[in-house]
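Here is the structure we will look at.
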Amino acid sequence: MQKVTKEYDAGEKVCPIKEVSLDIKAGEFVTIEGPSGTGKSTLLYVMGGLLRPTTGSVSIQGKDISNLTDAQLTTIRANQVGFIFQEANVFPTLTVLENVLFSTYLQTRKSSSKAQRERAIELLGKLGLGERLRFLPHQLSVGQRRRVAVARALVNDVSLVIADEPTNDLDIHWAEEVMKLLKDQVKNGKAVVMVTHHPQWAEAANRRFHLIDGDVREIACL
């Protein structure tokens, strides 16, 4: 992203991001840190094509997505980006496995292949949900729904994983397991950009940034 500014008109002009430039490469684990309410989620959503920048440009895999149509953006997001949202938004009428496989449908517009089902089941097993594939979300705990959302974001072969507080609602064991999966993405050449308030998880990154007053400043990693 180059010189990206995002403004809102909420009775008065709000500008959480001001001419931010970030170049994130394949195989990098990047964190965005800072106080609540400073615009970290907004930055992620602009980066992943969920929000359009007011000014500046955003590119994914070398393609400028800033002026694409909504339909084109939907295709880019489905094929290139995995989102772990701050809230574990799972579909209430789909089973655990169906929730995860929905991402594969968005990418291919076809029924899930055997390989995709195997990948989904493998991820859910690593996240402790192998015995709950047919459960509906209301039969799960908050932490379990969070883990479903993580599996859904990682099931496709995407180039960028955007994780907004992915360890929310998780105890230390499952938070560590989620972090292992994110690190695996990096080992496999994907880029991961994560918002977190937890220094313990931020230490997994090889590049760390602090968002304050609309500006992103790099934090020296040890």
Side-chain angles (χ1 to χ4, degrees), residues 1-8 13-68 73 76-77 80-87 149-150 153-154 158-168 170 172 175-222:
M1 57 197 306
Q2 294 296 318
K3 295 185 177 180
V4 167
T5 295
K6 180 63 181 176
E7 295 179 350
Y8 297 102
K13 186 170 74 173
V14 178
C15 188
I17 306 172
K18 303 172 185 175
E19 295 198 345
V20 169
S21 293
L22 272 177
D23 184 17
I24 298 166
K25 297 179 175 62
E28 286 192 324
F29 197 144
V30 174
T31 57
I32 309 295
E33 303 167 51
S36 297
T38 54
K40 298 184 299 298
S41 294
T42 298
L43 179 61
L44 291 190
Y45 294 172
V46 170
M47 189 181 300
L50 285 171
L51 291 175
R52 296 180 185 273
T54 305
T55 60
S57 63
V58 178
S59 297
I60 296 178
Q61 292 287 83
K63 183 178 182 63
D64 188 345
I65 67 169
S66 309
N67 297 308
L68 297 182
L73 273 175
I76 289 286
R77 290 194 300 263
Q80 299 293 343
V81 188
F83 290 95
I84 304 172
F85 296 101
Q86 197 170 106
E87 300 297 328
V150 170
L154 302 183
V158 296
S159 59
L160 172 64
V161 176
I162 288 179
D164 195 355
E165 295 284 2
T167 59
N168 272 4
L170 299 180
I172 186 68
E176 287 176 344
E177 292 303 311
V178 166
M179 292 303 299
K180 285 179 185 177
L181 288 174
L182 293 178
K183 291 175 186 176
D184 285 344
Q185 294 291 304
V186 173
K187 289 176 184 176
N188 291 329
K190 319 301 183 187
V192 174
V193 182
M194 178 178 73
V195 162
T196 184
H197 287 101
H198 299 282
Q200 177 182 357
W201 309 132
E203 289 174 0
N206 56 289
R207 295 177 70 200
R208 297 171 63 181
F209 294 87
H210 194 270
L211 179 62
I212 187 167
D213 296 329
D215 186 31
V216 169
R217 303 168 190 173
E218 189 158 7
I219 304 168
C221 291
L222 298 178

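This is a predicted model, so every value here is computed, not measured.
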Sorted by chain and residue number, the side chain to side chain donor-acceptor pair (under 3.5 Å) partners of Asn168 (sequence neighbours excluded) come out as none
d(Gln61 CD, Ile76 CD1) to nearest 0.5 Å is 9.0 Å
#### Entry: Side chain proximity check, Gln86 to Leu44, heavy atoms < 4.5 angstrom
no
Rounding to 0.5 Å, atoms CE (Met47) and OG1 (Thr42) come to a distance of 11.5 Å
Residue set satisfying side chain to side chain donor-acceptor pair (under 3.5 Å) with Asp64, at least two apart, ordered chain then number -> Ser66
Notebook entry, point to check: Is there a side-chain contact between Val20 and Phe209, using heavy atoms and a 4.5 Å cut-off?
Noted result: no
**Report entry** Flag side-chain contact, heavy atom, 4.5 Å: Val158 against Gln80
**Finding:** no
By side chain to side chain donor-acceptor pair (under 3.5 Å), Thr38 pairs with (sequence neighbours left out) none
With sequence neighbours left out, the residues meeting ring pair (Phe, Tyr, Trp, His ring centres under 6.0 Å) with Phe83 are Phe85
Original post:
Are side-chain heavy atoms of Glu176 and Trp201 found at a separation under 4.5 Å?
Top reply: yes
In this structure, NZ of Lys18 is separated from CG of Leu211 (nearest 0.5 Å) by 10.0 Å
Identify each donor-acceptor pair in which a side-chain atom of residues 22-30 lies under 3.5 Å from a protein atom, sequence neighbours left out, and give them as a table.
residue, atom, partner, partner atom, Å
Asp23, OD2, Lys25, NZ, 3.3
Glu28, OE1, Lys25, N, 2.9
Glu28, OE1, Arg207, NH1, 3.1

So CE of Met194 and CG of Leu182: to nearest 0.5 Å the spacing works out to 7.0 Å
Taking side chain as C-beta onward, heavy atoms only, is Glu203 less than 4.5 Å from Met179? no
The test is side chain to side chain contact (heavy atoms under 4.5 Å, CB included); show your working for Ser41 and Glu165 and say whether it passes. CA-CA 9 Å; Ser41 294; Glu165 295 284 2; over 6 Å; no
Within the 3.5 Å criterion, strictly below it, is a donor on Ser57 or Gln2 matched to an acceptor on the partner's side chain? no
For residues 178-187, the side-chain hydrogen bond (donor to acceptor under 3.5 Å, both in side chains) pairs (sequence neighbours left out) are Glu177-Lys180
Side chain to side chain contact (heavy atoms under 4.5 Å, CB included) between Val195 and Ile32, worked out:
CA-CA 5 Å; Val195 162; Ile32 309 295; 3.9 Å; yes
dist Arg52:CZ -> Lys6:NZ (nearest 0.5 Å) comes out at 9.5 Å
Are the side chains of Leu73 and Arg77 in contact, using a 4.5 Å heavy-atom criterion? yes
